[in-house]
Protein chains: 2
Amino acid sequence: MLSYAVSTNLRAPSIVNDPWTPLGIIVSAARNAEIFAEGDHVEKVYKVIHGAVRITKLMADGRRIITGFHLPGEFFALESGSVHRFSAEAVAESTLLAIPRKAIVAKASQDGALSSQLWTMAGASLDRAQEHMLLLGRKNAVERVATFLLDMAARTGTDIDMPLPMSRQDIADFLGLTIETVSRTLTQLERDGDIALSGARKVTLTNRKRLLHLEG
Amino acid sequence: MLSYAVSTNLRAPSIVNDPWTPLGIIVSAARNAEIFAEGDHVEKVYKVIHGAVRITKLMADGRRIITGFHLPGEFFALESGSVHRFSAEAVAESTLLAIPRKAIVAKASQDGALSSQLWTMAGASLDRAQEHMLLLGRKNAVERVATFLLDMAARTGTDIDMPLPMSRQDIADFLGLTIETVSRTLTQLERDGDIALSGARKVTLTNRKRLLHLEG
DNA sequence: CGGCCCCTTGAAGACTATCAAGACTTGTGG
DNA sequence: CCACAAGTCTTGATAGTCTTCAAGGGGCCG
């Protein structure tokens, strides 16, 4: 479920100092809540305040791909078109800034810097998508998992006890593998001393150099 | 090799009537010529006039993915960033319109419609990328090849004797398969009566309904 | 006409998926 | 606070799809 709250109720510095905050409203999303679905009319652009969001696409028979995860500070649904071509769901309890597309478009038409920033963010999305196509099309299971762990570490800024907010199934659907292969690969990396798992959702990268090598 | 020609030497209606034409210059690219490489400084935006272009990413050991093909009328290298994150090469002898990024950015800052059009095109790229991630992550070989053939038919507007300008290796690198699997799958589709091959580079879709079903 | 490149086909093997069962976690209600 | 239930994760055995290795066929251009 999505619930709406007055943005001034929250006062984390990252929100208050954010130039985007006045344009939107703060929204809460429970774990696994749908933020929007494929086919929905496009109305808002989102920025993750805390939590994590997954972008998914489905096939008719239920096969699923997660095209990306979005962590705090990152935007999503920044694309054009009047209808969403993918769904967005909260991976964990999350807080989002929801900005009406109209407000952004209006501001951007007068503000060259904003316009350019939007452009840059859209380009970054495409970069990430292309990098991920390389992973999905050409990397083996170990390389995929290593890439995923290093990317998460880079984005969260943590090497030690790094939280993985998403389930094994989410990771599998992101990496184009099955849940069993993800689990087995993580176990293998742990046996090899490259990572240490503290429960299923916390990882420490104990041998970064080797992971970088495995990344391919 | 890339060679430059004066744009006024060409007079195909699609070029003359194109509002983009006056912004750029016409460039020729020989088969397999590199248009730009990963790491190159970003200077131009391109529109395919005729021929076909492939966008590629490489791994250190030579594994390659083609993230997309661009056919006449389509733009590429429309993204932000000062350095290219992928390479572009001509699949076949091609003619391109090369537009300095500066000219586009300058014009867009004054022209809301142009700005919005750029936005739309960037969004379309991301849509295609996400659809392709679904293919690479979750479809089997037959589904991948069927999807590819239907997409090419939709973009060229041809069902019969549709030319495939790219090699089997290019198709394989686009679909995340090997050249042998692509060849075998095409042969199988032909045996099943879904397509007819006239030489390796021409296909007729003889059973569209079945291909649509195979697409997944 | 010959050579080269591209494509096709065959056989064997590897990697990941599938099927199956058990262990651990987490949350809930008694 | 404990016990149970449901969901999640791990592990094992087997199977299947695609890759790899290998060789031959076909078309295009000089």
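Order of the sequence lines sets the chain letters (A, B, ...), proteins ahead of strands, with each chain counted from 1. Bear in mind the structure is a predicted one, so any value in this text is a computation, not a measurement. For the numbers below, each heavy atom of this structure counts, side chains included, while hydrogens, waters and symmetry mates do not.
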Greater than 12 external heavy atoms within 6.0 Å of B/R85's CZ | no
Take atom CZ of B/R191 and atom C1' of C/dG10, then tell me their distance rounded to the nearest Å.
-> 13 Å
Side-chain contact check for B/S167: nearest option of D/dT8, C/dA11, C/dC7 is C/dC7
Of the candidates D/dC9, C/dC7, C/dT18, the side chain of A/E180 sits closest to C/dT18
Atom CG of A/D173 and atom P of D/dC9: how far apart are they, to the nearest Å?
-> 12 Å
Just wondering, more than 12 heavy atoms not from B/R168 lying within 6.0 Å of its CZ?
-> yes
Between C/dC15 (P) and A/R138 (CZ): distance, integer Å | 16 Å
Atom CD1 of B/I179 to atom P of D/dC18: distance rounded to whole Å?
-> 17 Å
Tell me: CD of A/Q169 to C1' of D/dT10, nearest whole Å?
-> 14 Å
Between A/K57 and B/D127, does at least one N-O distance fall below 4.0 Å, as a salt bridge requires?
-> no
Is B/L177 touching bases, backbone alone, or none of the nucleic acid, heavy atoms closer than 4.0 Å?
-> sugar-phosphate
Touch check for A/R201, heavy atoms < 4.0 angstrom, all strands: base, sugar-phosphate only, or nothing?
-> sugar-phosphate
Ignoring the backbone of A/T178, work out which of D/dT19, C/dA17, C/dC19 is nearest its side chain.
-> C/dA17
Presence of donor-acceptor pair under 3.5 Å, side chain of A/R168 and base of D/dG7 | no
Nearest to the side chain of B/R184 - D/dA13, D/dT19, D/dC18?
-> D/dT19
Find the distance B/K202:NZ to C/dC7:P and express it as a whole number of Å.
-> 15 Å
B/T187, nearest nucleotide to its side chain (from C/dA11, C/dT8, D/dC9) = C/dT8
Name the nucleic acid region contacted by B/S183, choosing base, sugar-phosphate or nothing; use a 4.0 angstrom heavy-atom cut-off, strictly under.
-> base
Send over the distance from B/E93 CD to D/dC29 P, rounded to a whole Å.
-> 13 Å
Taken to the nearest whole Å, CD/A/E190 to P/D/dT10 is 9 Å
Do the side chain of A/H132 and the main chain of B/Q130 share a donor and acceptor less than 3.5 angstrom apart?
-> no
Any A/T181 side-chain nitrogen or oxygen under 4.0 Å from OP1 or OP2 of C/dA17 = yes
Determine the interplanar angle of the B/F86 and B/F36 rings, folded into 0 to 90°, and report it as parallel if under 30°, tilted if 30 to 60°, perpendicular if over 60°.
-> tilted
